[in-house]
Peer 1: 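Below you'll find the structure I mean.
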Amino acid sequence: MHDDIERILISEQEIRSAIARVAAEVTSAYAGRDFTVVAVLKGSCVFASDLIRSIPIPLELAFLAASSYGTGTTSKELRISFVPLDSEIAGKNLLLVDDILDTGRTLHRLKQEMLARGAAEVRTCVLLDKPARRSVEFEADFRCFEVQDLFVVGFGLDFAGRYRNLPYVGALKPAAFQRLQAAH
Ligand code: IMP
Ligand code: MG
């Protein structure tokens, strides 16, 4: 798997320190208030599990599943396949956590959806932000890194379902892209 990576863009150490910084920001933003971290599956599972363990104040955890990418690298229609229980949303302060803010469609839509289901407040936190790709006006409240317009994998981010378990964020070799694209 590591052989498919052309170069490492963000190392494990860099990710660790950025998560510590963002966890401290989240901690002071929610000090003294109840809140629920809503991890957007599948991409945020690695980031969210590291993030919550660096937040030393009470929180609850919920999950939401949305997918837009399939096997390609360009956005398709968003499908929400799993949402928290109404009792986990209504009247709650939610922090939606996702792997990457790209066109902005996913988090924009999920935020609207949570507010429509009665959330008291919805904020967002992402590992990566690709502002160059935005197609709807949307900014995350918390983010670890801004990245250039380049398809990346690792630390939860996939291509064709693979590479989520890489402990760093990297760029794929063109040959790996082509191999996986041909297999689908
Ligand atoms: P958005 O709706 O365009 O903001 O896209 C968000 C989703 O697209 C993310 O949760 C990822 O699943 C996927 N995505 C966007 N850019 C990348 C990338 O560079 N690598 C892997 N997945 C990506
Ligand atoms: Mg995703």
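One-based numbering along the sequence shown. For clarity, every value in this text was computed on a predicted model and none was experimentally measured. Just so you know, ligand 1 is whichever comes first in the structure, and atom 1 is the first atom listed for that ligand.
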Peer 1: With a 4.0 Å heavy-atom cut-off (strictly under), which part of Arg133 contacts ligand 1: side chain, backbone, both or neither?
Peer 2: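 Near ligand 1, Arg133 shows nothing, with every heavy atom at 4.0 Å or more.
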Peer 1: Give the atoms of ligand 1, by number and element, whose distance to some non-hydrogen atom of Asp98 is under 4.0 Å.
Peer 2: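 Every atom of ligand 1 under 4.0 Å from some heavy atom of Asp98: 10 (O).
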Peer 1: Measure the distances from the heavy atoms of Val153 to every atom of ligand 1 and state whether one is below 4.0 angstrom.
Peer 2: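 No; Val153 lies far enough from ligand 1 that no heavy-atom distance drops under 4.0 Å.
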Peer 1: List the steps, then state whether side chain to side chain contact (heavy atoms under 4.5 Å, CB included) holds for Phe63 with Val40.
Peer 2: CA-CA 6 Å; Phe63 297 98; Val40 180; over 6 Å; no
Peer 1: Please indicate whether Asp149 has more than 12 foreign heavy atoms, meaning atoms of other residues, nucleotides or ligands, lying under 6.0 Å from its CG.
Peer 2: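 Result for CG/Asp149: enclosed.
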Peer 1: At a 4.0 Å threshold, what atoms of ligand 1 neighbour a non-hydrogen atom of Lys130?
Peer 2: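 In order of numbering, the contacting atoms are 16 (N), 17 (C), 18 (C), 19 (O).
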Peer 1: Have a look at ligand 1 and work out which part of Asp158, if any, has a heavy atom under 4.0 Å from it: side chain, backbone, both or neither.
Peer 2: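 The backbone, only.
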Peer 1: Looking only at distances, can you tell me whether any N or O atom of Gly104, backbone or side chain, sits closer than 3.5 Å to an N or O atom of ligand 1?
Peer 2: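 Between Gly104 and ligand 1, an N or O pair is found under 3.5 Å apart.
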Peer 1: Considering only heavy atoms of Arg105, which atoms of ligand 1 have at least one such atom less than 4.0 Å away?
Peer 2: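 Atoms satisfying the 4.0 Å criterion: 2 (O), 4 (O).
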Peer 1: Taking both backbone and side-chain atoms of Val152, is any N or O found less than 3.5 Å from an N or O belonging to ligand 1?
Peer 2: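 Looking only at distances, the answer is yes, because the N/O contact criterion of under 3.5 Å is met.
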Peer 1: Just checking Phe151 against Phe159, ring centres under 6.0 Å apart?
Peer 2: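 Yes, they do, as the ring centres are separated by less than 6.0 Å.
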Peer 1: With heavy atoms of Asp102 as the reference, note each atom of ligand 1 found under 4.0 Å away.
Peer 2: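 Near Asp102, meaning under 4.0 Å from one of its heavy atoms, ligand 1 has 1 (P), 3 (O), 4 (O), 5 (O), 15 (C), 16 (N).
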Peer 1: So, Arg21 side chain and Ser17 main chain: donor-acceptor pair closer than 3.5 Å or not?
Peer 2: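 Checking the backbone N and O of Ser17 against the side chain of Arg21, no donor-acceptor pair under 3.5 Å is found.
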Peer 1: Of the side chain and backbone of Leu107, name the one, both, or neither that has a heavy atom under 4.0 Å from an atom of ligand 1.
Peer 2: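 Within the 4.0 Å criterion, Leu107 makes no contact with ligand 1.
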Peer 1: Ligand 1 versus Leu157, non-hydrogen atoms closer than 4.0 Å: side chain, backbone, both, neither?
Peer 2: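 The part of Leu157 near ligand 1 is the side chain, not the backbone.
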Peer 1: Taking Lys92 first and then Glu121, would you say they form a salt bridge - that is, a charged N and a carboxylate O separated by under 4.0 Å?
Peer 2: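 Salt bridge flag = no for Glu121 with Lys92.
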Peer 1: Looking only at side-chain N and O atoms, does Gln112 offer a donor or acceptor that is under 3.5 Å from a partner on Arg109?
Peer 2: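 Side-chain D/A pair, Arg109 to Gln112: absent.
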Peer 1: With a 3.5 Å cut-off and no angle check, do the side chains of Asp4 and Tyr163 form a donor-acceptor pair?
Peer 2: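 Judged by distance alone, the side chains do pair up.
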Peer 1: May I ask whether Arg134 has any heavy atom positioned less than 4.0 angstrom from an atom of ligand 1?
Peer 2: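 Arg134 does not count as a contact of ligand 1 under the 4.0 Å cut-off.
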Peer 1: Would the distance check show the side chain of Asp158 and the main-chain N or O of Arg164 forming a donor-acceptor pair, the cut-off being under 3.5 Å?
Peer 2: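 Not at all, since once roles are kept as given, no pair shorter than 3.5 Å links the two residues.
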